[in-house]
Amino acid sequence: MTFTTASFLLQVAVLIVVLAALHKPLGLYLTHVFEGKKSSRPERLFYRLAGIDAGTEQTWPVYLRSVLAFSAVSILMVFTLQRLQGVLPGTGPLEGVDPWVAMNTAISFVTNTNWQTYVPETTVGIFVQMVLLAVQNFLSAAVGIVVAVALIRGIARTRTQRLGNFWVDLARTSFRVLLPLAFVGAVVLVLGGVVQNFWSTDVVNQAAGITQTLPGGPVASQEAIKVLGTNGGGYFNTNSAHPFENPNAFISLFQVFLILLIPSALPYAFGRMVGDQKQGYTVAAVMGTLWLTSMSLMGWAVAAGQGTATAAAGGLGEGFEQRFGAAPSAIFAASTTLTSTGAVNVAHDSLPPLAGGVAMLNMMLGEVAPGGTGSGLYGMLILSIISVFIAGLMVGRTPEYLGKKIGPTQMKLAALYILVTPTLVLALAGITVLLPDIMANAPASGPHQFSEVLYAFTSGANNNGSAFGGITTSGPFLSVMMGVAMLLGRFLPIVLVLALAGSLARQGTVPASAGTVPTHGPLFGGLLLGVTVILTALSYFPALALGPLAEGLLK
């Protein structure tokens with residue numbers, strides 16, 4: 001298989017044009033959703049059933065407790081019902097899910113990671129897929145968005161303790177944003193050939209003389225929210241490389257479009273909500289520059305790289321999408337690791353070494369280009385606050401961001417946010433590589449074995465969910481370690497983001513003066529770009545040197 005540059009450039013150009021065209025309309029709609037005062041009928045019914053006072057806003061500690069309580073109950077429910085699968089409807093002969101797998105899966109889907117240590121079509125039935133996993137795809141995506149909205153309110157509001165109401169934000173995001181977009185996406189997927197039924201099909205294999213059962217299910221409806229909500233968990237084990245999930249080149253590109261849709265529009269909503277659209281354009285420009293740079297690096301690495309496995313196979317064959325060519329695989333791999341999606345249409349373990357390094361680096365950047373639904377935006381806003389503080393130190397001006405002073409409290413919270421994920425990744429990966437029995441679960445050897453472990457914890461702590469081959473064991477140690485990475489990688493940053501939002505909301509607005517550092521335009525955008533790369537990526541350089549970079553030099 002060869003990498004076709006023309007096909008690659010054409011598909012990237014199509015994505016840029018379509019996403020740019022929808023940036024403002026969808027951004028305006030998101031602004032309307034989160035600044036609107038009226039509730040729809042389904043929302044009012046939800047509030048009555050749940051006993052929610054939609055007119056009461058919450059302080060940041062109450063908002064945070066709501067996020068954590070909702071997520072904890074979700075994890076417990078998903079775990080329990082997986083264990084009870086044998087008595088649930090629509091499960092056929094399947095028994096309850098192994099407790100370690102059930103625990104890991106519950107944490108994975110509630111944290112928007114969707115790391116899968118099981119074969120979905122032989123482990124979980126239609127009930128679990130629809131009622132548990134697909135529903136969590138909606139809810140975990142909604143949680144990320146509402147946390148970003150709370151941070152925007154903290155920046156925009158003055159002298160208040162209130163950041164909104166978590167339950168109202170959750171309902172509006174689910175009913176007004178994710179459900180309608182997922183419905184439209186599912187219709188397109190069905191029309192494009194993605195399976196949507198409630199049964200399996202027996203077919204006769206004439207060549208082998210046997211009858212085979214082809215698993216079916218409500219694939220399109222789950223596939224739509226899988227990619228739209230930057231979730232990533234596949235209905236089938238091979239994820240978006242399976243023809244029932246991804247039947248043709250158009251659907252492959254459409255899935256990438258859905259992955260990028262909401263994260264690319266959120267910066268426009270941010271600009272509208274803070275009353276300065278230039279701020280939103282600057283954030284969007286930095287996100288777009290990082291995305292385009294990573295996409296170019298991934299395309300170059302796939303086109304030029306031939307590692308040990310690919311050379312032995314005679315080229316880009318094993319693990320790559322044979323139906324569409326190598327270009328869609330490069331586009332999908334870059335976009336899914338730049339966001340918190342984790343869906344794959346190529347085995348990332350089969351990427352050439354430097355391409356695998358780009359995939360890891362994408363996640364190590366914090367998945368902010370444009371990132372996950374909500375998490376990408378609040379990650380970039382944290383980096384913006386750090387950038388304006390650095391700019392103030394360099395030129396002797398007062399560090400302010402949109403009229404809010406950035407003092408010791410704000411910088412401590414921002415610094416802790418930046419340190420959480422690298423600490424989790426490097427500490428947990430370091431512990432794992434010291435245990436020979438656990439390392440035996442990584443089937444490779446040399447630098448690539450280390451890359452598999454490093455990739456796994458990078459994916460888990462960044463709530464991505466994609467994997468290199470090998471580290472998919474359902475044993476107790478790795479299930480617990482990955483569970484810790486996913487939980488802390490999701491909720492520690494949320495704690496810090498909401499605390500930062502509360503500290504900013506309490507402040508008054510400082511009028512702009514000659515000493516104020518502009519936080520929009522090419523100059524600040526360049527600074528933000530540099531800070532993003534330096535603060536997040538260079539933390540991992542020694543680890544990358546031991547893995548994909550060493551493997552690339554040994555090819």
Side-chain angles (χ1 to χ4, degrees), residues 26-27 29-58 63-64 66-75 77-78 106 109-114 129-153 163-187 218 220-233 258-259 261-263 265-266 269 273 339-341 372-378 463 490 494:
L26 183 55
Y29 178 70
L30 292 171
T31 305
H32 173 73
V33 168
F34 295 116
E35 291 189 337
K37 301 299 182 183
K38 294 183 179 180
S39 299
S40 66
R41 184 173 299 176
E43 291 165 359
R44 291 195 297 271
L45 177 61
F46 168 73
Y47 301 149
R48 284 199 298 271
L49 293 175
I52 295 167
D53 181 2
T56 301
E57 293 200 347
Q58 300 170 322
Y63 202 102
L64 173 62
S66 299
V67 172
L68 297 179
F70 175 73
S71 300
V73 170
S74 297
I75 290 173
M77 181 178 296
V78 175
F109 275 77
V110 173
T111 59
N112 200 245
T113 311
N114 302 83
Q129 293 273 27
M130 287 184 60
V131 178
L132 299 182
L133 305 186
V135 169
Q136 284 306 317
N137 282 348
F138 281 95
L139 297 178
S140 65
V143 167
I145 294 173
V146 303
V147 171
V149 171
L151 178 57
I152 295 172
R153 290 185 184 132
L163 296 178
N165 186 306
F166 167 75
W167 307 104
V168 172
D169 292 339
L170 185 75
R172 289 185 175 185
T173 303
S174 301
F175 289 128
R176 301 191 195 183
V177 179
L178 295 175
L179 273 171
L181 289 177
F183 177 81
V184 173
V187 170
S221 54
Q222 185 158 325
E223 190 74 12
I225 189 58
K226 175 189 96 172
V227 287
L228 179 70
T230 61
N231 294 281
L258 288 179
I259 288 170
L261 179 60
I262 294 176
L266 278 171
M273 292 176 72
T339 59
S340 63
T341 310
T373 50
S375 61
L377 179 60
Y378 64 65
N463 302 126
R490 175 69 163 180
I494 285 177

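All values derive from a computational prediction rather than experimental measurement.
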Point to revise | Any Val78 side-chain heavy atom under 4.5 Å of Phe109 side chain | key: no
Check your understanding: Should Ser375 and Asn463 count as side-chain neighbours, where that means a heavy-atom distance under 4.5 Å?
Key -> no
Exercise for review: Applying side-chain hydrogen bond (donor to acceptor under 3.5 Å, both in side chains), name anything that partners Ser221, two or more places apart in sequence or on another chain.
Suggested key: Gln196
Check your understanding: Do any N or O atoms from the side chain of Thr31 and from the backbone of Met273 form a donor-acceptor pair under 3.5 angstrom?
Key -> no
Point to revise | Reference residue Leu261; test side-chain contact (heavy atoms from CB on, under 4.5 Å); the match among Thr373, Leu228, Leu266 | key: Leu228
Validation: residues 130-139 side-chain donor-acceptor distances under 3.5 Å, sequence neighbours left out:
from	atom 1	to	atom 2	distance (Å)
Asn137	OD1	Asn114	ND2	3.1

Practice item. Please identify each residue that fulfils ring pair (Phe, Tyr, Trp, His ring centres under 6.0 Å) with Tyr63, with sequence neighbours left out. Key: Phe166
Review point. Does the Asn165 side chain pair with the main chain of Thr56, one donor and one acceptor, at a distance under 3.5 Å?
Key: yes
Practice item. Scan residues 140-149 for pairs that pass side chain to side chain donor-acceptor pair (under 3.5 Å), counting only residues two or more places apart or in two chains. Key: Asn112-Ser140, Ser140-Asn231
Exercise for review: Please report the closest heavy-atom contact between Gln58 and Ser66, naming both atoms and the distance.
Suggested key: NE2-OG, 3.2 Å
Point to revise | Residue pairs passing the salt bridge (charged side-chain N to carboxylate O under 4.0 Å, His left out) test where at least one lies in residues 164-176, sequence neighbours excluded | key: Glu43-Arg176, Arg153-Asp169
Point to revise | Side-chain touch Ile152/Leu377, heavy atoms, less than 4.5 angstrom | key: yes
Practice item. Output all residues satisfying side-chain hydrogen bond (donor to acceptor under 3.5 Å, both in side chains) with Thr339, sequence neighbours left out; order by chain, then residue number. Key: Thr341
Study note, to complete from the structure: Shortest non-hydrogen pair, Phe175 vs Pro180, comes out as O-CD, 3.2 Å
**Study point:** Nearest heavy-atom neighbours spanning Ala186 and Ala220
**Key:** CB-O, 3.9 Å
